[in-house]
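Okay, structure first, notes after.
Since we're looking at a predicted model, the values are computed, not measured. Chain letters run A, B, ... following the sequence lines, proteins first, then strands; residues in each count from 1.
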Amino acid sequence: ELTEKLEGFFSGLKGRGKLTEDNVRESLRDVRRILLEADVNFAVARDFLKRVEEKAVGVDVLKSVTPAQQVIKILHDELTELLGGNFRPLKRSKETPTVIMMVGLQGSGKTTTTGKLGHYLRSHGMRPMLAACDMQRPAAIDQLERIGEQSSLTVHAKRGVSALEAALAAKEAARLGGQDTLIVDTAGRLHVDEELMNELRDLRDQLHPSEILFVADGMTGQDAVNSAKAFTEQLDITGVVMTKLDGDARGGAALSVREVSGAPIRFAGIGEKIEEFEEFHPDRMANRILG
Amino acid sequence: VGAALKLDEETLEKLEEILITADLGVETSMELIERLRKRLRLESVTAEDVLRVLREELDRMIEETVAEKETEGDEEEQPRPHVTFVVGVNGTGKTTTLGKIANRYAKQGESVLIVAADTFRTAAVEQVAIWAERAGVDIVRGATGADPASVVYDGLSAALSRNVQRVLVDTAGRLHTKTNLMAELGKLDRVAKKLVPEAPHEVLLVVDGTTGQNGLSQAKAFAEVSGVTALVVTKLDGTAKGGVLVPIGRELGIPVRWIGLGEGIDDLVPFEPRLVVEAVFG
Ligand SMILES: Nc1nc2c(ncn2[C@@H]2O[C@H](COP(=O)(O)OP(=O)(O)OP(=O)(O)O)[C@@H](O)[C@H]2O)c(=O)[nH]1
Ligand SMILES: Nc1nc2c(ncn2[C@@H]2O[C@H](COP(=O)(O)OP(=O)(O)OP(=O)(O)O)[C@@H](O)[C@H]2O)c(=O)[nH]1
Ligand SMILES: [Mg+2]
Ligand SMILES: [Mg+2]
């Protein structure tokens with residue numbers, strides 16, 4: 001456990017004195033391994049630890065804690081701050097409906113999360129409509145329609161047309177039907193697939209979403225920076241949803257995605273059911289990453 | 001004998017970065033660097049050769065631990081029906097991979113039956129039914145929300161009565177930390193054995209190529225509950241290197257059989273070490 005590991009380095013210091021450059025650096029070397037094993041990206045871990053080192057060196061060791069606990073506290077606080085940023089509600093647009101696009105790699109949980117977000121917004125007084133705009137995956141439209149049926153959420157689906165046509169038709173239907181929020185489910189795609197990334201840009205340009213949420217699998221490893229960076233650069237995502245956090249993945253990808261995209265992590269998927277969805281808690285994630 | 005080349009801090013960090021960012025994990029990366037160091041002591045290696053030597057060590061490690069020792073052609077008489085379970089955590093590409101494999105066997109002239117035993121996830125049966133159609137093979141499905149074990153049972157009795165050569169069973173995604181869902185896999189195993197004593201002959205664990213070190217804990221859990229014959233690593237057509245397959249091979253002795261390289265029916269290739277080595281070192 002982290003505290004025990006760091007205690008070893010600080011056995012010389014006893015409740016008074018300052019954290020020196022040497023003992024901080026030594027102890028952070030062990031932390032680096034912990035972060036890498038937690039799937040934090042290599043470069044992100046290096047930069048993060050440099051910042052922690054700067055903050056920790058020269059700090060007075062409080063009488064009530066051990067030096068190791070002091071470093072851990074700095075680590076934990078720095079990590080929480082990085083992951084956090086106050087939870088702010090989803091941005092609404094002046095025109096109705098407000099459009100939210102769900103994007104991300106294959107299998108990350110977009111369709112499931114589209115349902116969850118609809119359920120969540122409804123419980124907060126909104127009138128959501130879900131738009132089935134994955135025209136590529138076998139039975140994707142069926143999947144979202146069923147999710148909608150099971151939770152009595154309105155789903156708009158139009159088969160045999162392009163994703164853009166389906167999305168625009170849904171937006172018009174929401175406008176006419178009085179739904180104030182349109183959540184658009186899109187097909188999973190690789191960030192290196194130029195054609196499909198262009199399709200998302202077209203969707204964004206025509207739909208004017210007030211939010212583009214990047215849905216990221218909680219067990220993603222080092223590659224999280226690559227996909228997050230590409231989606232940020234090409235689409236300018238406004239938020240992230242980390243899914244499958246009900247598993248035991250340490251979730252280092254959360255730090256990587258947050259660092260590289262600058263977008264806040266808004267929500268966490270914590271199960272397959274429609275209600276297994278919550279606002280993201282940066283301090284809990286920090287604990288999880290630090291093990 | 002020249003002095004052994006020493007790795008300076010900067011070079012060391014560069015090498016670590018190559019290995020770690022490939023998802024090889026800290027322990028495997030350290031082991032590879034250690035093997036590199038050994039060779040630096042024993043051979044006269046120049047600075048330019050360091051990368052080549054490290055690449056050789058990765059290739060050797062994969063050959064020893066991950067590549068399959070015998071090809072399917074070496075097996076004696078294939079059991080009939082030969083039963084494969086496709087398992088893994090949510091969203092990794094099980095259903096898609098099963099469709100690709102079904103197509104492969106069908107194109108090779110074998111009779112294939114797909115068993116749609118994911119009775120839980122929304123539209124899972126519809127999805128795998130489309131793959132059965134694309135591959136031109138039959139499918140056995142159950143009533144919505146039916147017990148997956150009963151679908152496996154029906155599927156295997158159909159396979160026996162139709163004298164099918166291969167049965168491919170699609171199962172629901174399940175996080176390995178969910179004990180009740182993992183126990184369900186054990187139940188599928190027991191039910192299968194009622195009709196086909198040696199079933200499942202093959203359990204394929206499908207791991208998403210973008211998965212980090214959690215892949216190792218997934219493999220451990222599935223190996224414990226249902227035994228894992230081989231891995232399929234999917235989505236390596238992206239930028240992920242899939243390196244976690246190396247620690248899985250080293251620690252659990254589980255080889256990789258297939259690599260998924262896309263969403264199309266033909267986007268499946270037999271595993272070869274060079275696929276990973278080239279991805280890691282470019
Ligand atoms: N345990 C768990 N499973 C999840 C969570 N979110 C999604 N899933 C499951 O992950 C799998 C993939 O979810 P989908 O919603 O189909 O993913 P997707 O991103 O829409 O996939 P594509 O459209 O193919 O790109 C399904 O089995 C879901 O039930 C979560 O938070 N926890
Ligand atoms: N790019 C790429 N996408 C893939 C590959 N294999 C599967 N996919 C995609 O990944 C997504 C999830 O695939 P599924 O076959 O539904 O995954 P699954 O494991 O059956 O999911 P659950 O049953 O919900 O657990 C789909 O969008 C697939 O098209 C691959 O090798 N490359
Ligand atoms: Mg989807
Ligand atoms: Mg499936």
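- Classification of the Phe277(A)-Tyr120(A) ring pair by plane angle, with boundaries at 30° and 60°, yields perpendicular.
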Q: Please test Asp170(B) against Thr95(B) for side-chain hydrogen bond (donor to acceptor under 3.5 Å, both in side chains), starting from the C-alpha separation and ending with a verdict.
A: CA-CA 6 Å; Asp170(B) 190 24; Thr95(B) 304; 2.9 Å; yes
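- For Lys107(B), the NZ atom is densely surrounded, since the number of other residues' heavy atoms within 6.0 Å is greater than 12.
- Residues Val206(B) and Leu231(B) are not in side-chain contact: their nearest non-hydrogen atoms beyond the backbone lie 4.5 Å or more apart.
- Heavy atoms closer than 4.5 Å to chain A are found in the side chain of Lys178(B), but not in its backbone.
- Proximity to chain A involves both the backbone and the side chain of Thr122(B), based on heavy atoms less than 4.5 angstrom apart.
- At a heavy-atom cut-off of under 4.5 Å, chain B is reached by Gly188(A), Leu190(A), His191(A), Val192(A) from residues 185-195 of chain A, listed in order of number.
- Looking only at heavy-atom pairs under 4.5 Å with chain B, the residue among Ala224(A), Ala38(A), Gly221(A) that has the most is Gly221(A).
- Few gaps surround CD on Glu13(B); more than 12 heavy atoms of other groups in view lie less than 6.0 Å from it.
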Q.
side-chain hydrogen bond (donor to acceptor under 3.5 Å, both in side chains), that's the test. Do Asn214(B) and Thr211(B) meet it? Break it down for me.
A. CA-CA 7 Å; Asn214(B) 193 250; Thr211(B) 305; over 6 Å; no
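- At least one donor-acceptor pair closer than 3.5 Å links the side chain of Arg104(B) to the backbone N or O of Leu268(B).
- Around atom CD of Glu224(B), no more than 12 heavy atoms belonging to other residues, nucleotides or ligands sit under 6.0 Å away.
- Both the backbone and the side chain of Asp142(A) come within contact range of chain B, judged by heavy atoms closer than 4.5 Å.
- We find that Arg122(A) and Glu275(A) are not joined by a salt bridge, their nearest charged nitrogen and carboxylate oxygen being 4.0 Å or further apart.
- With a 4.5 angstrom heavy-atom cutoff, Glu145(A) does not touch chain B via any of its atoms.
- With hydrogens and angles ignored, the 3.5 Å screen pairs a side-chain donor or acceptor of Lys110(A) with a backbone N or O of Leu105(A).
- Heavy atoms closer than 4.5 Å to chain A are found in the side chain of Glu263(B), but not in its backbone.
- Contacts between Ser217(B) and chain A at a heavy-atom distance below 4.5 Å involve the side chain alone, from C-beta outward.
- Between chain B and the residues Asn226(A), Ile147(A), Asp246(A), the largest count of heavy-atom pairs under 4.5 Å involves Asp246(A).
- Ranking Ala253(A), Pro138(A), Gly247(A), Ser227(A) against chain B, the residue ahead of the rest is Pro138(A), based on heavy-atom pairs under 4.5 Å.
- For Val89(B), the part lying under 4.5 angstrom from a heavy atom of chain A is the side chain only.
- In this structure, Gln218(B) and Gln213(B) have side chains that are not in contact, with every pair of non-hydrogen atoms separated by 4.5 Å or more.
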